[in-house]
Amino acid sequence: MEIPFDIGNISGPENARVSGPEALGRVIKNANRPLLVVGSEILDDGLIEKAITIGKKGIPIAATAHSMKGFVDAGYTENVYLTGLHELANNIESRDWMGFDKKGGYDVIAVLGGIYYSTSQFLIALKNFATDPMVRCISIDRYYHPAARMSFGNISRKHTHEFKKMLDRVIENI
Amino acid sequence: MGPTPMPGIADLRNWDYKLLNRYKPFYTPYCEMCCFCTFGKCDLTGGKKGACGLGMAAQQARFVTIACLIGCSAHTAHGRHLLHKVLKLVGDREINMGTGINVEAPLTRLITGIKPERLSDFIPVLEYLEEQIAQLMDSTHTGQEGSNLDYESKAYHAGMLDSLGKEVADIIQIVAFDLPKGDPDTPLVEIGMGCVDESKPVILVIGHNVVPSVAVMDYMSDHGLDERIEVVGICCTAIDTTRYSRKARIVGSIGRQLRFVRSGVADVIMVDEQCIRADILEQAERIHAPLIATNDKALYGLIDRTNDSVDDIVTILASGKEPGVAILDPVKAGEVAVRVVQIMHEKRKELVHILTDEEFKEYVTMCQNCDANCIVACPQGLPIGEANKAAAEGNTAPLASLFDPCVGCGRCEQVCKKHIPIVDVILKASLPYVKSEKGMIRVGRGPVLDTEIRKVGAPLVLGTIPGIIAIVGCGNYPSGTKDVYLIAKEFAERKYIVVLTGCGAMDAALYRDEDGKTLYEKYPGDFDGGCVLNIGSCVSNAHIHGAAIKVAAIYARRNIRGNYAEIADYILNRVGACGVAWGAMSQKAASIASGVNRIGIPVVIGPHGWKYRRAYLGRKYVDEDWVVYDARDGSKVQIEPAPEHLLVAADTYQEAIPLIARLCFRPTDNSMGRQVKLTHYMDLSMKYLGVYPDDWHIFVRGEADLPLARKEEYLKILKEEHGWDVDLEAKKILSGPVRKMDVGFDATNLEELIKKKE
């Protein structure tokens with residue numbers, strides 16, 4: 001059994017299933033209204049390139065923290081939306097929110113490059129309160145996120161190269 | 001007298017529900033189970049209720065209520081303890097806050113209706129607080145409250161009580177010890193781990209209750225030892241000791257505690273209450289420094305020697321027969337500390353506590369960069385293994401760079417399979433930085449003067465001073481202390497009023513600009529736009545609430561006594577203030593934020609703040625949430641979401657800064673004020689996020705709200721991107737805004753304040 005990246009972060013009886021990149025990619029592909037949520041850590045290790053590649057596949061991107069600056073600098077803002085993570089979670093839980101494109105809420109949320117502990121709380125909020133309609137959350141980050149439904153296991157920073165290859169396989173399956 | 005002097009749990013419930021209907025509680029469970037009673041553990045996931053019938057939302061709200069009660073109890077008990085001690089030490093002094101202050105205790109007047117004239121007038125205030133705390137605690141027992149919203153109302157109540165407890169505590173110490181009474185030009189004192197003169201005997205004081213530290217300073221002064229002994233402090237006791245004596249110095253905030261103790265500089269450690277490491281005795285023993293516990297709330301298993309003679313206690317401590325003692329008489333504790341430190345300094349001279357070069361090399365080489373334990377134990381997830389590896393190869397810079405983002409908890413050491421003392425290793429690597437850490441902080445000034453409020457009341461309410469930025473709270477920052485410096489600097493440069501207390505006030509003082517000046521040296525200490533004020537310790541931040549209340553009392557001439565809801569409504573709609581608890585960690589920070597929120601001031605917290613389990617977030621797209629009355633005739637007015645949230649987290653300081661600017665909008669801003677606020681909001685978003693915010697247009701009520709320098713550009717965006725009807729040639733907005741600017745608009749959320757029904 002995988003341990004949470006922050007070892008004390010054991011919240012309850014149900015924890016995320018450790019999953020491979022193909023399965024995680026397929027969840028995004030099969031979603032009706034998927035959303036990629038990225039944080040400030042995508043500005044490290046060239047992860048923003050992977051986010052942009054996902055964005056170019058038609059998956060809208062919620063740019064939290066100051067990650068928006070990275071997209072602006074990279075010249076890609078096509079389907080990238082500026083938001084705070086807290087505000088985003090509150091909106092996703094709301095039936096009144098019509099999404100960034102005003103066409104409706106999202107059914108699958110994938111997280112990448114957020115601060116571990118705030119992302120963990122984001123996921124646990126949605127797990128418990130984004131239930132009508134049900135929103136499924138997955139993590140394609142380098143951390144094991146027990147509050148997601150499916151997650152990679154912990155991937156050390158010394159294995160960043162392998163992590164990026166896993167992201168490529170996620171992308172191939174979208 | 002207003003309608004609610006000494007309100008009980010339900011007396012302000014109507015106001016609370018006004019807030020809760022707009023700023024709905026948003027829950028982030030930190031634990032999905034409940035283990036409070038023997039029915040449990042109960043699994044609350046998937047909409048399940050516990051054996052007692054309580055669901056997930058109510059359990060989270062209950063937990064927050066308990067956290068707020070812990071925080072509120074700490075401040076209130078601190079005040080009660082101070083009163084006990086100072087009535088004996090200085091007698092029942094008159095409360096005289098100086099010629100610049102007539103509204104001496106705004107929170108006491110607002111909440112209890114009492115206008116205190118002597119210290120003993122706080123006795124009924126404390127009795128009120130203690131009863132309310134007991135009643136609220138009772139409500140958290142199994143089989144009591146079942147509604148999450150009513151628990152939130154109770155958390156608000158605890159937060160309000162916390163603000164009152166803080167004010168009582170700070171006024172008592174100001175009056176008893178003649179601390180500064182709102183002086184804008186208090187002296188500057190040194191701060192930082194590098195400011196300690198290690199050649200002298202060093203007494204380290206830790207905590208929040210200044211009475212024993214005052215006794216240390218008095219004993220030194222009475223015996224001509226001022227220049228011969230160093231008294232340095234960590235946490236709010238440090239701030240308050242410098243308010244009492246300019247001879248004391250500040251090491252820093254809570255995050256520096258373990259590292260400074262481990263450095264071995266302190267010859268004696270004296271603790272009082274709150275924010276002290278629970279293993280302080282073990283840490284003190286490790287460096288062979290005696291520990292003196294002075295408060296019955298934190299005794300660490302030490303023998304109570306309060307009734308022993310000073311000579312005997314000094315002998316016991318100097319001989320090392322006991323690693324520490326408890327002395328509950330502050331005067332005696334002060335004398336013992338001063339006498340023992342002189343002996344211990346001589347005895348400890350030869351001891352070395354920082355790792356040698358050889359030890360350091362051995363430890364970093366032992367590290368296998370396994371990434372198995374330390375990184376998952378670290379609350380910050382710091383890459384310790386990588387840094388050790390670099391150090392083993394001769395590059396200590398990565399290890400040194402961990403010093404500031406490290407919160408100094410020591411969890412890493414406990415799990416290292418190689419038993420590497422990681423805290424000591426980081427300390428060794430960062431020694432050059434530590435030795436040069438010397439900032440300057442202005443001594444905590446205490447309350448805001450009534451005369452200052454008269455000057456800034458109008459520009460604050462109209463918005464031309466764009467806001468009060470209140471940086472408060474603990475040191476659990478996402479990426480180190482510099483964030484609070486950068487936040488304070490940005491808003492001071494933009495002529496906001498920047499007020500700081502507690503750890504935030506200390507950490508912002510550690511950095512210098514290109515001219516070598518700290519914020520406190522560069523900016524004046526007045527309560528005015530473009531100034532930076534150290535208000536004081538945690539309990540002093542009651543004066544920030546107090547300033548907002550005084551705007552209502554002095555500028556708007558509202559009655560404040562026993563009139564909480566009206567004044568909170570006034571502040572919510574008119575006073576552009578925003579709290580920033582960037583490193584919020586403690587239960588006190590939870591109660592502080594809840595108290596600030598109930599009085600109508602939003603708060604931005606750092607990413608660790610998600611762990612408090614609850615935020616108060618508005619939904620700007622739900623029109624009915626943003627309707628208020630115009631008190632002139634009772635008509636309902638659709639307003640812009642101002643302020644949009646009451647309690648919200650940001651992940652990085654770059655995200656926080658534009659968010660803070662956004663939360664300073666208020667419905668009553670005049671056009672000039674709205675221009676100023678809009679300018680900053682848009683500039684800051686562009687500066688830190690690379691784009692204009694996507695919601696700026698909703699704060700525009702007409703072309704007069706647009707910043708002149710970019711009016712044409714903004715009008716074009718409104719027309720082309722937001723579909724507003726704009727006459728670009730005439731530079732006129734024809735339609736689009738939520739409402740038009742109305743200079744006489746008297747916004748209120750309270751029906752009872754409507755003067756004439758429409």
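Every chain is numbered from 1, with letters handed out A, B, ... down the list of sequences.
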For chain A, which candidate among [options] shows the most heavy-atom pairs at distances under 4.5 Å?
options                        : value
B:N369, B:N373, B:D694, B:L617 : B:L617
B:I375, B:T28, B:V376          : B:V376
B:T652, B:L689, B:D695, B:T45  : B:L689

Any side-chain to backbone donor/acceptor pair from B:E655 onto A:H66? Under 3.5 Å, distance only.
no

Please confirm whether the backbone N or O of B:V648 pairs with a side-chain atom of A:H86, one donor and one acceptor, at under 3.5 Å?
no

Exercise: identify the closest heavy-atom pair between [X] and [Y]:
X      : Y      : answer
B:V691 : A:M68  : CG2-CG, 3.9 Å
A:K69  : B:Y688 : CD-O, 3.4 Å
B:P29  : A:I124 : O-CG2, 3.1 Å
A:L82  : B:S685 : CD2-OG, 4.4 Å
B:E386 : A:R157 : OE2-CB, 3.1 Å

Testing the 3.5 Å rule here: is there a donor-acceptor pair between the side chains of [X] and [Y]?
X      : Y     : result
B:R619 : A:N90 : yes
B:D651 : A:S40 : no
A:N9   : B:Y30 : no

Side chain / backbone / both / neither for [X] at chain A, heavy atoms under 4.5 Å:
X      : result
B:A650 : neither
B:K389 : neither
B:A656 : neither
B:K48  : neither
B:P379 : backbone
B:C42  : neither

Look up atom [atom1] in [X] and atom [atom2] in [Y], then write down how far apart they are to the nearest 0.5 Å.
X      : Y      : atom1 : atom2 : value
B:Q654 : A:L43  : CD    : CG    : 9.0 Å
A:D6   : B:Q380 : CG    : CD    : 10.0 Å
B:W610 : A:Y117 : CH2   : OH    : 12.0 Å

[X], part contacting chain B, at a heavy-atom distance under 4.5 Å:
X      : result
A:N128 : side chain
A:N91  : both
A:A89  : both
A:L123 : neither
A:F71  : neither

Is it the case that more than 12 heavy atoms not belonging to A:K29 sit under 6.0 Å from its NZ atom?
no

With the threshold set at 4.0 Å, does a side-chain nitrogen-carboxylate oxygen contact exist between B:R662 and A:E87?
yes

Relative to chain B, which of [options] shows the most heavy atom pairs under 4.5 Å?
options                   : result
A:A147, A:G114, A:P13     : A:P13
A:I3, A:T83, A:L85, A:V72 : A:L85
A:P4, A:S118, A:A125      : A:S118

Could you label the plane-to-plane angle of the B:Y621 and A:W97 rings as parallel, tilted or perpendicular, counting under 30° as parallel and over 60° as perpendicular?
tilted

How are the rings of B:Y27 and A:F129 set to each other: parallel, tilted or perpendicular (split at 30° and 60°)?
tilted

List the steps and the verdict of side-chain contact (heavy atoms from CB on, under 4.5 Å) for B:E32 and A:K127.
CA-CA 10 Å; B:E32 296 173 302; A:K127 176 183 173 186; 3.1 Å; yes

